[in-house]
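A quick write-up on the structure given underneath.
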There are 2 protein chains.
Amino acid sequence: MAGRRDWTRETLAAGIRDGDRRALARAITLVENGDALAYEVVRDLYPRTGGAYAIGLTGPPGVGKSSLISALLRHVRPDGTEVGVISVDPSSPFSQGALLGDRIRLSDHFLDPGVFIRSMGTRGHLGGLAEATLQALLVLDAAGKEIVMLETVGTGQSEVEVIGIADTVLLVLMPGSGDSVQALKAGIMEIPDVIAINKMDHPAAKTMLNEVRSILGLDKEREWRPPIVLTEATRGENVPELWEKLVEHRAFLESSGQLEERRRSNLASEVFSVASARAKQHIERAVADDPELRRVLDAVQRRELDPLSAVREILEKVFKVDGSRA
Amino acid sequence: MAGRRDWTRETLAAGIRDGDRRALARAITLVENGDALAYEVVRDLYPRTGGAYAIGLTGPPGVGKSSLISALLRHVRPDGTEVGVISVDPSSPFSQGALLGDRIRLSDHFLDPGVFIRSMGTRGHLGGLAEATLQALLVLDAAGKEIVMLETVGTGQSEVEVIGIADTVLLVLMPGSGDSVQALKAGIMEIPDVIAINKMDHPAAKTMLNEVRSILGLDKEREWRPPIVLTEATRGENVPELWEKLVEHRAFLESSGQLEERRRSNLASEVFSVASARAKQHIERAVADDPELRRVLDAVQRRELDPLSAVREILEKVFKVDGSRA
């Protein structure tokens, strides 16, 4: 708790508004810990938010997402654009190595005062990573960052929830991302707004480009056809082209009036996700604290009470709602 | 609703106990639709369950999970083992093709009275696919199936929830499953109990075997070292060896006393998953039905009320719980 007493609700909010790096770092640590002070500060600052453009980056591990972020930063920083980066790490405590590797790849930018980079895990968080990511985005937004990049690893449903608040979703693949290509093809992965195929020097890069292009080509109804860019992040190759496509997607959303609509629907989805994550935590704690509810689980284990009846009893007891209708 | 009046709670439960195929088909349709009759019948039959051994198959699309199930059925059926198969399809309504393809691959077994196969989506389901899968498993268990295979596509968190009730988890990969290998390596995919690398004729199969083996080898603490089997499902090659590994895992769980422990923890997790899915549905419907709660979302959109305060208001209104602690 050392250092915490340096910040009050007022000084922390003022520090964030001024873009003070120590204030940002402190606020995001408080967000990560689910601290009440973070909640109050974000509540105070919320009317100032909405100015940042949020880009969500997703994709399997190892495709070079962090290198691509680093290359995008090198591309956009010369014109003075202020950028925030949040790398969300949903992995187990055993894989701190990946996190460390990411930090090294992004370390070129640590001394740049116009860039704020933070890796974030989840600790005591009632609302899970989706909540922490949303709150951290709002902090960086209120600090005047024009672009906030949200990075998460993986391509499943939970990852999509984490970056579900983004205005534009960039999927990063590489030659060898066969599983992701199959998932796009089978329709079980949502179509992103822009696709980068990184490690373009690999001999299979063009084959993958054609595969992905033909999958996306099947959907002719779509108003926005997701562009695919071959990149080599470590050399910065085609990174300006990738940035151009991200800018074009934003312009498309704005000119078609879809940006407001997307933000409305993203915010509503986030509110539902966070509320249900909190409801789940509430149920788990209630069962842990209540011997009667633990006996319900024991009866399920002994095959005396079926699981759905247990769900009903728990919902009725915890939330006082009719479990058969909940 | 035609046909429904043929079954009462008593006749349906009796039909399931006798293993009657029409009763099983009807019961699973009712489960899929979230029908109250299914709930009552499963409640009645629950004390008879626990005899089936549940094997969960997961893996990216296109690796040959259905072909492998078909090959496993050809292997185990000659000795009379009764088997149930539930293929869970969490994909969008646009990808019915995949489902149809699976059905074709499994069609050899449709006339075998000792096998019951069913593809299942989710429709009006309050508790989502995890709930439907659990209830369908219990129906097949009560019908005396000795083995129930639960198949789902994908490798993310939501897929794991769907087959979270399985005693043994089999991950199916193929050469080209680079993303899954990276996910195992990064520790963001849970280590399964058994791994099959299908399409073993592919020149890259051995390379993938070595890669996966070296990843698993890093974890020397593990009491059960997940075996990896190269298979060619269409020719049935190495399918007896794969079956042997599944049987060994079961024997390991039984002899070490971990089977009961795993089932207890799986059942508790399922109860929490289903309860939170229902809580989420309850919140969504409450917001849809209540103009006051919709106004809360509107205020978030207008940047007047921050998302976390909205979550608190919604939880307090819907569940009468303290939203700051929920």
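All chains are named by letter (A, B, ...) in the order of the sequence lines, taking the proteins before the strands, and each is independently numbered beginning at 1. The figures here come from the full heavy-atom set of this structure, side chains too, leaving out hydrogens, waters and symmetry mates.
In this structure a side-chain-to-backbone donor-acceptor pair under 3.5 Å is present from A:D35 to A:L37. Within the 3.5 Å criterion, the main-chain N or O of A:G59 finds a donor-acceptor partner in the side chain of A:K65.
For A:D167 and A:R262, the salt-bridge test fails: no basic side-chain N is under 4.0 Å from an acidic carboxylate O.
Geometric assessment of A:R312 against the ring of B:Y39 yields a positive cation-pi assignment under the 6.0 Å and 45° thresholds.
Interface remark: A:L134 contributes side-chain atoms only to the contact with chain B (heavy atom separation under 4.5 Å). For A:V296, no part lies near chain B; criterion is any non-hydrogen pair under 4.5 Å.
Between chain A and the residues B:V181, B:V63, B:V287, the largest count of heavy-atom pairs under 4.5 Å involves B:V287. In terms of heavy-atom pairs under 4.5 angstrom with chain B, the leader among A:A310, A:P175, A:G178, A:A275 is A:A275. Ranked by heavy-atom pairs under 4.5 Å with chain B, the list A:Q182, A:R302, A:Q301 is led by A:Q301. Ranking B:K280, B:K320, B:R264 against chain A, the residue ahead of the rest is B:R264, based on heavy-atom pairs under 4.5 Å. Ranked by heavy-atom pairs under 4.5 Å with chain B, the first of A:A268, A:G62, A:S309 is A:S309. With respect to chain A, the highest number of heavy-atom pairs below 4.5 Å among B:E260, B:E284, B:E304, B:E270 belongs to B:E284. Taking chain B as the reference chain and counting heavy-atom pairs below 4.5 Å, the highest number among A:L305, A:V271, A:D306 is found for A:D306. Among A:L138, A:V300, A:N266, A:L297, the residue making the largest number of heavy-atom pairs under 4.5 Å with chain B is A:V300. The candidate from A:D298, A:I283, A:D179, A:V318 with the greatest count of non-hydrogen atom pairs under 4.5 Å with chain B is A:D179.
Counting heavy atoms from C-beta outward, B:I165 and B:L267 have side chains that approach closer than 4.5 Å. Between B:E131 and A:V311, the closest side-chain pair of non-hydrogen atoms is not below 4.5 Å. Side-chain contact between B:M208 and B:H202: absent, with no pair of heavy atoms (C-beta onward) separated by less than 4.5 Å.
Contacts with chain A (heavy atom to heavy atom, under 4.5 Å) involve these residues of residues 44-52 of chain B, listed by number: B:Y46, B:P47, B:T49, B:G50.
Not counting sequence neighbours, A:R295 has no partner by the salt bridge (Lys or Arg N to Asp or Glu O under 4.0 Å) test.
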Under the criterion side-chain contact (heavy atoms from CB on, under 4.5 Å), I'd like the reasoning laid out for B:L171 against B:L184: C-alpha separation, chi angles, the key distance, then a yes or no. CA-CA 11 Å; B:L171 172 66; B:L184 279 171; 4.2 Å; yes
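Of all heavy-atom pairs between B:S276 and B:S273, the closest is OG-O, 3.1 Å. Looking at every heavy atom in both residues, A:A136 comes nearest to A:V31 through N-CG1, 4.1 Å.
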